[in-house]
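Heads up: the structure comes next, in structure tokens.
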Amino acid sequence: MATFLHRLGRLSFRRRRLVALLWAVLLAACALAAAKAPTAPDDAFSMPGTESQKAFDLLDRRFPGGNADAADARIVFVAPEGQKITAGPNRAAVESVVADVADGPQVRTVLDPFSLAGAVSGNGTTAYATVAFTAAPAELTDAATDALRDAAEAGQRAGLTVEMGGTALAPESELGGATEAIGLAAAAVVLLVTFGSLVAAGLPLLTAVVGVGIGAASIVAVGMSATTTTLALMLGIAVGIDYALFIVSRYRTERAEGHGAEEAAARATGTAGSAVVFAGLTVVIALAGLSVVGIPILTKMGVAAASTVVVAVLVALTLLPALLGFFPRAVLARAGRGERPDGERPGRRRARGVRPALGVRWARAVVRRPLAVLVLAVLGLGLISVPALDLRLGMPGDEAQPVSTTQRRAYDALADGFGPGFNGPLTVVVDAKDAADPKSAADRAGKRIAATGGVTAVTPAAFNKAGDTAVLTVVPTTGPSSAATADLVHDLRRTARGLAADTGATMLVTGTTAVNIDLAQKVNDALPTYLALVVGLAFLLLMIVFRSLLVPLKAALGFLLSVAAAFGTIVAVFQWGWFADLLGIEQTGPVVSLMPIFLIGVVFGLAMDYEVFLVTRIREAYVHGERPRAAVVTGFRHSARVVGAAAVIMIAVFAGFVGMTDPMIKMVGVGLAAAVLFDAFVVRMTIVPAVLALLGDRAWSLPGWLARVLPEVDVEGEALNRTAPGKPAAEPVGV
């Protein structure tokens, strides 16, 4: 592989104008196709095979035109202190607001609280009106939401407290241009400090933007929704910068060792480029593995992100060598842009007496006391992982929003007036098509539900026109994110089995709360399979790259340690409330259900990047004849600074999400930043050298029969050294 990529890098360098033009044309074509493509509707969230999804599908069939996915809103009215909402002036103000909302665009129905049983609280201070729209939340126009807000403001001017919640007012995603801009700015600063050259710092950013631009535009052009691009944008920027960073760094090393610009670019592509290919493959494996969860939107996100990673790899292998051809000396540090007649970089002889870099000093310290360092690092990560044992999955709702939002205030007002369970009602669908007496079956279902512990109210059954399907609304005594509510859902589903045996009617439990419970269960069930798939395939891939059994095993175990520590951090902050005030978290609760899969996929990709680039340089030194501990130090001399810079860039990007107001985005930022911190600096920079020092030559051993079966990929570029006998010897590094 190194030989092939060496030729590809040389060709791209020589034909740099053509290569740059082809990529520019491709970017323009994808952008044009995306601009002309019709706006794709947001993907409807579905979970095939779950009871809540079966209930939604049944509602769509039996209640045609009901549009179960349509947006809804709940307007909450609270009377001034000491007054009743039913008092004449207050009632008139409520009815005026309801009338104004009913006249708004895309509104199907509005239920007046004074004509709806149970819509006025027992103490008479609070009431709510339910608004049903004709369109899904993503399809609501600005005019529809503006009319809703204007009506609420009219009620406030009349002296009432008016707050709103529901899917029609779902908070917009904050993963917009500002976050990406902050991340790119942080990356630019770190790259500039790392390379000491504006051009060297700019090339990784430029190639990352080109790769993400082509990937994102292609996703839109083929008709995928904007939601699908979220993971693609995040990972595309991350790996795009990383891949270019390692190749540019290797190019500078090759120039420092006496090679000309063209040969240095070819060698950088052949060696670091080989590592890029295998690092990219591990990321693609992790993303493609998201399909095992069985959630279509997650599968689409994984496929879209995987395609963007493939584009990032191709950009790094072709466009980057071409750009190096345009700036062969500008990417070097200022002190290295001149050359001696013998090809040696100025200052190299003087540099030999300079104090070793921090990465070299750290590697020497680790390999000097590897066992003590390993024990301390593992115990430290293990201690941080302890809170993960209390991990509870769910989907935080309006209760997790800041109190400055109307959604949170509406949630609190309903909980105060009607009880905490009122914010998370369950929808029970009774399919009585096979029952002898559908109405009797629905009545019996209502009685059994009312007798179930944890239920505070059950509405009468509402039948469809055919009279074979009924819908009941169940109000729990506990809030939607409470563990007791999840237990209630399971109890009701057990009750359904008895109802089917007695009456022949099928009872299904659904609603937003039940969907969130099913989602958490689906993710829990899929996690072992997902981990086994991605870790197993990556183990095989790393075994081919490093021709070792112990190195891939160490990589997989280290990844699990860093993920466990990241989950421990998330639980401690978002469930237990540690440092919650510092981070602006106003309400603790369960961890977002998709967070484990999402975090594992993203961090696995980045972790394997760091593993491949760091250990490849260590193995390269070992293959070239250095002893195991000396090879560790040499590998750190060449790659520790660059791997550290890549990790700092990602931490800065993810930490930028912590400042967002959306609690789920905060969780993503904290989780990813912590995971990269633990994986890059504790696992890869500490545990990896300690383990390699302890294993010695055994780290690079492989059974003879397995060595004969596995293909030779030559990531270290040994074939390039055989074809270039005049290559200057690398400077040895003592331990």
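The chain is numbered in sequence order, starting from 1. These values consider heavy atoms only, across backbone and side chains, with no hydrogens, waters or symmetry-generated copies.
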Check your understanding: Ignoring hydrogens and geometry, is there a side-chain-to-backbone donor-acceptor pair from Lys439 to Gly467 under 3.5 Å?
Key -> no
Here the side chain to side chain donor-acceptor pair (under 3.5 Å) pairs for residues 95-105, sequence neighbours left out, are Arg91-Glu95
Applied to residues 148-164, the side chain to side chain donor-acceptor pair (under 3.5 Å) test, sequence neighbours excluded, yields Glu163-Thr406, Glu163-Arg409
Contacts of Phe422 meeting ring pair (Phe, Tyr, Trp, His ring centres under 6.0 Å) (sequence neighbours excluded), chain-then-number -> Tyr128, Phe418
- Query: Ignoring hydrogens and geometry, is there a side-chain-to-backbone donor-acceptor pair from Thr452 to Arg448 under 3.5 Å?
  - Reply: yes
Those residues at least two apart in sequence (or on a different chain) that pass side chain to side chain donor-acceptor pair (under 3.5 Å) with Asp416 are none
**Asked** Side chains of Thr141 and Gln106: is there a donor and an acceptor less than 3.5 Å apart?
**Response** yes
Inspect the contact between Arg408 and Asp412 and indicate whether a charged nitrogen and a carboxylate oxygen are less than 4.0 angstrom apart. yes
Exercise. Taking side chain as C-beta onward, heavy atoms only, is Leu560 less than 4.5 Å from Leu531?
Worked result: yes
Those residues at least two apart in sequence (or on a different chain) that pass side-chain contact (heavy atoms from CB on, under 4.5 Å) with Asn423 are Tyr411, Leu414, Ala415, Pro480
message = Within the 4.5 Å heavy-atom criterion, are Val428 and Val471 side-chain neighbours or not?
response = no
Residues passing the side-chain contact (heavy atoms from CB on, under 4.5 Å) test with Ala152, sequence neighbours excluded, are Val162, Met164
Only one of Val94, Thr125, Thr126 passes side-chain contact (heavy atoms from CB on, under 4.5 Å) with Ile85, and that residue is Val94
### Message
Can you tell whether the side chains of Lys54 and Asp518 come within less than 4.0 Å, N to carboxylate O?
### Response
no
(request) Decide side chain to side chain contact (heavy atoms under 4.5 Å, CB included) for Leu599 and Ile570; before the verdict, give the C-alpha distance in whole Å, the side-chain angles of both, and the deciding distance to 0.1 Å. (result) CA-CA 11 Å; Leu599 187 142; Ile570 292 172; 3.8 Å; yes
- Message: Between Thr167 and Asp72 (side chain of the first, backbone of the second, donor and acceptor by atom type, cut-off under 3.5 Å), is there such a pair?
- Response: yes
Under the side chain to side chain contact (heavy atoms under 4.5 Å, CB included) criterion, do Leu488 and Leu426 qualify, and how do the steps go?
CA-CA 10 Å; Leu488 172 61; Leu426 304 173; 4.1 Å; yes
